[in-house]
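Written out below as structure tokens is the structure these notes cover.
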Amino acid sequence: MSITTLLEIGGRALQAEQVGVEVTSHNIANINTTGYCRQHVDLVTTPSIQYPWGNQGYGVAIDSIQRYFDPYLAQKIDAKTAAQQDYNTQKTELGSIAGLFNETNDVGLNNLLASFWQSWHDLADNPTGSAERQVVVQQAKALAAAFSSLADDLVQHRQALLVKISPTITKINAITASIAELNQQIVSVETSGQPANDLRDQRQVKLNNLASLVGINYFELDDGSINVMLDDGTTLVQSAAAWNLSYELSGGEVVIKCQGPGGVEKDVTDDLSGGQLRALLYVRDDRIPAYLDSLNELAQELIGEVNRQHSQGVGLSLYSQVTGTYAVDDGASALKDNAALPFGDQITEGETFNIYVDDGSGTNVAAATITITAGMTLNGLRDAINAELPAYLTASVVDNKLALQATGSYQCGFGNDNSNVLMALGLNTFFTSTSGDTQNFAFSMGINDIISADASFIATGQFDRQGQHAVGDNSNALALADLETARVGPGDLTFAEAYQDLVSTIGLDTQKAEQQGILLNGILDQYNDLRDALSGVSLDEELTALIKFQRAYEAAAKLISVADELYETLLTLK
Amino acid sequence: MRIATAAIYQHITRDLQSLTSTMQQLNESLASGQKYQNIYQNPVATVTALGYNCDLSRISQYQSNLKTAANWLTHTDSVLQNIGNLIKTAKELASQMATGTINDDNRAAAVSQVEGLMAELLAEVNTSINGQYLFSGYKTDTAPYLQLDGLEIQKVVESLQPGSGYSGTATASGTYSGETATTYLVEIDAAGAVGTATFRVSEDGGQTWTTGFTTSPAATSIWSSEGDKGVEIAFSASGNLAVGDRFIIPVSEFKYQGDDHGLELGVGKNSRLAVNVTGRDALDGSSGRNDLFQILSRLKSALQNDDANGTGAALEALNSSEANLTTYFGFVGAQQERVIYQQDSYQSLQNNLDKSLSQVEDTDLIAATEQLNLQQITYQAALLVSTKIMALSLLDYL
């Protein structure tokens with residue numbers, strides 16, 4: 001019990017209130033800092049002094065500076081951020097793919113398909129019209145170009161996504177490295193026993209950034225450091241150590257690997273959940289290939305069905321010489337299911353097709369029925385044709401394709417093909433596609449050179465029993481036009497329906513991603529509101545606190561001056 | 001609840017943005033007239049609209065095909081009508097000549113009138129539109145009938161029974177020694193392969209028959225009650241002939257060069273419309289009776305030879321030819337009615353589809369404008385409130 005005690009109480013109070021003002025100003029200064037959690041100073045009473053008359057208080061002391069933070073809420077925000085970023089990225093990427101299929105304009109595939117069938121109808125109305133024939137060729141070219149540019153755009157988009165995946169992985173690695181570093185700093189700061197508030201805030205921001213790129217789990221150790229794992233448990237950060245992700249291409253698909261401790265690599269591609277990285281992988285290696293497959297299947301069925309019907313018919317002109325568009329892998333291997341023939345599986349052995357020979361002026365001079373025997377090879381077919389019509393034409397195998405050369409002024413045509421061998425070999429066909437590569441129908445779709453050079457080869461009619469054909473015969477053109485409504489496309493739909501199915505799949509995928517994204521945006525907003533309610537800085541509150549501490553400081557200063565007066569009073573005693 | 005200062009500003013930004021984005025969408029749909037700008041805004045509606053568009057384009061194509069069909073049918077109809085008038089004139093002439101007392105001058109005038117009718121008939125049946133012959137079947141580039149220098153034995157017209165197994169061809173040959181145009185009708189009366197099957201022959205469209213012929217791959221002379229006039233028939237051996245299989249051998253100075261295919265157009269899903277009649281059918285050349293050219297040519301020679309019986313027979317034959325023509329008239333008329341009916345039904349289908357499409361695809365202008373106004377008012381209110389809130393601060397009172 002002395003005046004000194006009073007001075008000490010006053011001095012500590014001055015110090016405590018000043019720290020209060022400083023913490024408050026730190027809060028005000030960081031009002032707009034991302035991830036900042038408001039701090040407060042914990043004041044406690046100093047241990048009291050025992051006197052005979054009782055325990056007398058000895059003033060105030062600063063216990064610690066704490067921040068307002070809810071780790072449970074932060075984990076939830078990070079988890080939802082991962083899911084939200086996943087869907088939002090999907091929406092962005094799928095949305096730009098959906099733009100390729102935007103059929104609200106007039107040059108979409110849907111309209112081009114309709115115009116293509118219309119042109120066949122117009123040709124059936126006037127099979128001799130050369131203008132109608134040209135229109136069929138032009139419409140077919142436009143259709144083929146649309147198919148191949150769609151396929152090309154999808155492939156380009158896939159390429160472009162790879163360009164986005166690489167920087168995403170770089171960012172992930174940079175963030176995990178900085179989390180590891182922050183871990184180290186926090187551990188060393190907190191050995192003093194006081195929380196490293198600002199470093200912890202920074203680390204929490206990094207964790208949230210990481211979650212937006214890839215879905216993570218994390219937990220805090222007793223020393224204050226945080227271990228971060230991918231959702232499947234693969235460790236990314238362990239105390240002060242971080243392990244990098246890397247990617248490589250395998251079979252055209254992106255494989256994400258984690259370079260774990262001890263140089264152990266782990267493929268985590270399929271275990272990723274949430275975050276931009278997963279969305280990019282999902283769109284690139286799941287959705288785009290699926291769309292491309294559908295488009296290819298549609299192109300394949302269209303090429304196949306049009307060629308099948310076209311090869312049954314005859315145009316205004318007959319062939320002096322004709323070469324198939326599809327090559328086999330080897331003239332001595334079986335035609336049926338030949339690996340190089342895209343439509344080799346369509347060949348029916350035991351069935352026949354007819355070759356009709358004309359003298360060059362419209363009079364039939366010979367006809368032959370060729371049977372595709374079991375296991376027949378291209379060489380075998382060549383020999384069978386040569387055996388039937390030696391006087392009129394010569395069959396040969398050129399570059400593994402079947403070629404027919406009529407003798408002199410003779411000309412030949414085809415019909416009644418129940419074996420589908422003409423369509424498989426590309427003889428008397430309408431569309432072409434790459435031989436040997438069965439995955440590229442949409443991209444390689446084109447028109448048979450013979451037809452694009454001379455539209456009179458478009459097969460509008462058919463040979464009759466006597467091998468006659470008439471210019472006004474529109475039966476084959478009508479059969480081709482009927483393909484429009486025939487359920488021969490993928491999935492037993494019409495071609496237009498199959499395409500619409502693809503459009504609706506893309507639309508629904510995008511819509512789903514968009515709606516999920518909106519839902520998660522809402523949830524995240526709510527969580528962030530909760531977080532702000534606890535951790536956010538309120539100016540009104542801080543200003544009030546500022547005044548509170550200021551007044552207390554003034555009061556503490558008053559204590560000092562009272563102590564001073566007491567000393568003076570004491571010293572004036574004489 | 002505690003509200004952080006930054007949260008107040010975040011809320012204001014978020015709410016204003018949500019309002020602007022709604023206004024932006026309304027604005028786009030109003031400006032473009034289309035409800036949806038992207039396929040993912042409403043995939044179901046977009047795909048429905050695509051389906052409607054396909055249907056519409058198909059229907060407009062069917063309508064255009066129907067116009068072509070109507071064109072063919074109108075021309076065919078008018079030619080058939082002219083041929084009908086021509087038969088009427090021939091009938092009047094024949095009946096005048098068959099009755100009444102007529103002298104050589106009258107007959108000579110009648111002969112030249114019949115010649116005129118034949119030339120007119122040839123011109124009518126050879127009518128072409130845009131370079132396409134109406135009555136040639138698929139051979140639209142070839143005139144259906146060609147006038148020859150004299151009577152010739154024409155190609156055999158086959159008319160096999162359904163299910164007949166014959167797949168060979170019958171060929172007519174020989175040199176005709178008769179004087180008038182006629183038609184030999186050969187009908188199988190005992191089934192079997194060539195060499196076994198037997199046939200009978202008629203020269204009057206199947207009213208009287210001469211029996212006792214056997215089919216053979218070699219040329220076999222055929223004759224009727226009127227005797228042998230040098231016509232021969234040979235059957236190539238392939239498959240079995242059935243009873244009732246008919247082979248018609250016209251002897252005429254007019255040769256049919258078309259084929260027997262009816263031209264058809266697509267006018268609906270798997271629906272075809274026949275738009276022409278072949279010359280052979282229209283002139284009754286496929287029934288085994290004499291065709292109109294032969295009848296006129298027989299009338300002409302009957303008049304030249306002053307053969308009253310012949311003139312009478314020609315009058316009768318003209319009646320049956322007219323009856324045949326009437327059948328095809330009816331056929332063409334029925335097709336024309338079908339065209340009109342189809343056009344009407346496609347028109348109303350098109351109207352319905354247009355309406356459905358517009359419901360799915362087009363912006364409801366009134367509703368959208370109302371919504372936009374509402375949004376504007378909400379936006380203004382939000383702006384007002386936001387500025388008031390932002391202006392508040394404890395600092396102003398310290």
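To find a chain, count down the sequence lines: A is the first, B the second, and so on, and within it residues start at 1.
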Which bit of [X] is near chain B, if near means a heavy-atom gap under 4.5 Å: side chain, backbone, both or neither?
X        : value
A:Glu542 : neither
A:Glu514 : side chain
A:Leu94  : neither
A:Asp532 : both

State whether the side chain of B:Thr5 and the backbone N or O of A:Leu539 hold a donor-acceptor pair below 3.5 Å, judged by distance alone.
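Yes: the side chain of B:Thr5 pairs with the backbone of A:Leu539.
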Is a side-chain donor or acceptor of A:Asn102 paired with a backbone partner of B:Gln37 at a separation under 3.5 angstrom?
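Confirmed, A:Asn102 side chain pairs with B:Gln37 backbone.
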Any side-chain donor near an acceptor of the partner, [X] and [Y], under 3.5 Å:
X        : Y       : result
A:Gln511 : B:Asn42 : no
A:Asp525 : B:His11 : no
A:Asp122 : B:Gln61 : yes

Chain A contact via [X] - side chain, backbone, both or neither, heavy atoms under 4.5 Å:
X        : result
B:Gln41  : backbone
B:Leu398 : side chain
B:Leu265 : both
B:Ser57  : both
B:Tyr62  : side chain
B:Asp259 : side chain
B:Ser167 : both

Centroid-centroid under 6.0 Å between A:His469 and B:Tyr138 rings
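Distance test on ring centres: not under 6.0 Å, no.
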Might you point out which heavy atoms bring [X] and [Y] nearest each other, and give the distance in Å?
X       : Y        : answer
B:Val47 : A:Ser504 : CG2-CB, 3.1 Å
B:Tyr40 : A:Gly507 : CB-O, 3.4 Å
B:Cys54 : A:Gln500 : SG-NE2, 3.5 Å

With respect to chain A, which residue among B:Ala4, B:Ser32, B:Ala7 yields the maximal number of heavy-atom pairs within a distance under 4.5 Å?
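Highest number of heavy-atom pairs under 4.5 Å: B:Ala4.
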Among B:Arg14, B:Lys269, B:Lys139, B:Met1, residue most engaged with chain A (heavy-atom pairs, under 4.5 Å):
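Max contact count across the listed options: B:Arg14.
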Apply side-chain contact (heavy atoms from CB on, under 4.5 Å) to A:Thr485 and B:Arg58, showing your working.
CA-CA 9 Å; A:Thr485 52; B:Arg58 198 161 56 232; 3.6 Å; yes
With a 4.5 Å limit on heavy-atom distance, are the side chains of A:Leu478 and B:Arg272 in contact?
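A:Leu478 vs B:Arg272: side chains touch.
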Intermediate values then yes/no, side chain to side chain donor-acceptor pair (under 3.5 Å), B:Gln10 and A:Asp529:
CA-CA 10 Å; B:Gln10 272 164 21; A:Asp529 284 351; over 6 Å; no
For each of A:Gly536, A:Ala533, A:Ala496, A:Ala481, tally heavy-atom pairs with chain B at distances under 4.5 Å, and name the one with the top tally.
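Greatest number of close heavy-atom pairs with chain B: A:Ala533.
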Shorter than 4.5 Å, heavy atoms on both sides: which option in A:Gln515, A:Lys91, A:Arg38, A:Lys512 has the most such pairs with chain B?
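Looking at each option in turn, the highest pair count goes to A:Arg38.
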Trace of the salt bridge (Lys or Arg N to Asp or Glu O under 4.0 Å) decision for A:Asp540 with B:Arg2:
CA-CA 11 Å; A:Asp540 298 344; B:Arg2 226 188 129 257; over 6 Å; no
